[in-house]
**Q** 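My questions will all concern the structure given below.
Note that ligands are numbered from 1 as they come in the structure, with each ligand's atoms numbered from 1 the same way.
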Amino acid sequence: MVYADFNGSTPLSSDVCEYLVQRLQTGPYSNPNAIHSLGKKMMFGMEKCRRTLAKVLGCKSSQIIFNSGSSEGISHVFYSLCDDGPKDGKDIIVTSGIEHAAVVQCCELYATKGYQIKTIKTLPSGIVDLADYQKIITECKDRICLVTVMAANNETGVIQPFVEIGKIAQDNGIIYFSDTTQYIGKSDFKFDQSNMDFAVSSSHKVGALIGSGLIIAKDLSLLRSHVLGGGQEKGLRGGTQNYIGIETMAVAMDSFDRNKELLAKVRILRENFEKNIKQNFPAAVIIGDDSPRLSSTTMIAYPGIHGQAVQIELESQDIFVTTSSACSDNKPETSRVLQAQGIKDDIGRGVVRISLCTNANAELYSKIEVALTQAYNKLKKLHSF
Ligand SMILES: Cc1ncc(COP(=O)(O)O)c(C=O)c1O
C-alpha cells in the first residue's frame, strides 16, 4: 500500500508511534490544570512541549496558544480581529483566491458583518500577484483590517511569497495572518523570520495524533477567547488542553526538525518522477511546474482524462491519492483554487494530488510512477486518445 495523501492527513510518524506505545502504557493521565502534583506534572510536560515547538518553529513559547487544529485557529484569528465589526474605518479584509475553505468561510461570514473582501489576483503559476497586492495596499491601506494569504497551497503545494507579503503589510502597519497549515511540517518554518503576525498548525498534518493544533501570535494581546471556559491558555482558549495530542505534536515536530535535510532528497525524487511521467506523457500537465512548491506535492492532470478515474485506477493498485475536484451531483468541477489560477476544465477536472513527506523514497515514487503510467495508458485507450 502506498499512502500518498499527506496533505489530507499524515499517518503518525514512527517517532510518535514509539512515543505513544510507551506513553499510553505508563501514563500519567490528569488534567494539566489541576492543583495536585499529577496535574502539575502534566502541566510541566505540556510546557516542555510548548518550548520544543517554539524552538522548532522559531518563536517564543509564550507566543503559542494550543487548540484543536487549524480550522479553529483560523476562526480564532478572524474572531479576535473582526468580530466587533469594522473599527477606525478599517473595513477591508485582503485575501487570495486560493485559500482553504476555513479562511474563505471566515471571509464570507465577516462580509455579512460590514467588511469588504478584496481578493488578490493569482498568477497562472499559482502564486499570488504581488503587483496586484501592492496596488490594493497603496489604494486602501488606511482601511485594511487584515491581510490573509496562505503560506503553501494544500492542493498544488505552491509556496506563496509570504515573507514579502508580510513585509509589505508590516511597512504599512497592517496585520498579516498566514494559514501555514501545509507549510509547517513539510518545510522549514521560522515564525520570527516570516513577517507574520499570526500562523497556525494542525497536529494531523505533521505526523501527530489528530485533534490538536496551535496558533502562534506575535502579540497575544490581539487575541480574544472565542471558547469560553476555565481560563486555560492564558484565558485565550478555554477548555482542557489535549495534552497527549500536544505531546505527540512536539515529538513529531522535533523529529521533523532532525530529519528536515531529507526534504532536499525528496524534492529530487519528486522532480525525477515528474520528469519521467512528462517524458512518457508529454501532454500531462503538472500544476505549478515552475513555481516554488512543497518538496513532496505533485498535482498532475492528463487533459481530457477525469481525475476521479485516475484516482480509482490508482486505488485499484493500492495507491491512495486524491483529486481536488468538488463533486456535486456527479458533476465534477475544477476547484476554486485551480480556477483562480486560470486552469481550464479539461485540466482542472483531471487532476490528482500526490502528496508525501520526509517518508518518500525512491521505491515509493517508483511504485506511483508505474501505477500512474498504467492508469494513463489504460484510460487513454478507453478515451481513444
Ligand atoms: C491549508 C489548510 N488550512 C486549513 C486546514 C484545516 O485544518 P484542520 O482540518 O486540521 O482544521 C487545512 C486542512 O486540510 C488546510 O490544508
**Q** Please output the residues near ligand 1 using a strict heavy-atom distance under 4.0 Å, listed in chain and residue-number order.
**A**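 Residues near ligand 1: Ser70, Ser71, Ile74, His100, Met150, Asn154, Asp179, Thr181, Gln182, Ser202, His204, Lys205.
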
**Q** Less than 3.5 Å apart, which donor and acceptor atoms pair up between the side chains of residues 122-129 and the rest of the protein, not counting sequence neighbours?
**A**
| residue | atom | partner | partner atom | Å |
| --- | --- | --- | --- | --- |
| Ser125 | OG | Ile127 | N | 3.3 |
| Asp129 | OD1 | Ala131 | N | 3.0 |
| Asp129 | OD1 | Asp132 | N | 3.3 |

**Q** With sequence neighbours left out, write down each residue that passes ring-ring contact (aromatic ring centres under 6.0 Å, His included) with Phe162, or none if nothing qualifies.
**A**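 For Phe162 the ring-ring contact (aromatic ring centres under 6.0 Å, His included) partners, ignoring immediate neighbours, are Tyr183.
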
**Q** Do Lys278 and Glu274 sit within salt-bridge range, that is, some charged N less than 4.0 Å from a carboxylate O?
**A**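 The answer is no: the pair does not qualify as a salt bridge.
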
**Q** Return the set of residues passing ring-ring contact (aromatic ring centres under 6.0 Å, His included) with Tyr133 (not counting sequence neighbours), or none when no residue passes.
**A**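 Residues passing ring-ring contact (aromatic ring centres under 6.0 Å, His included) with Tyr133: none at all.
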
**Q** Flag the pair Phe281 / Tyr376 as yes when their ring centroid distance falls below 6.0 Å, and as no otherwise.
**A**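 Here the rings of Tyr376 and Phe281 have centres that are less than 6.0 Å from each other.
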
**Q** Could you tell me whether Arg353 and Asp5 have a side-chain N and a carboxylate O separated by less than 4.0 Å?
**A**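 Yes, Arg353 and Asp5 are salt-bridged.
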
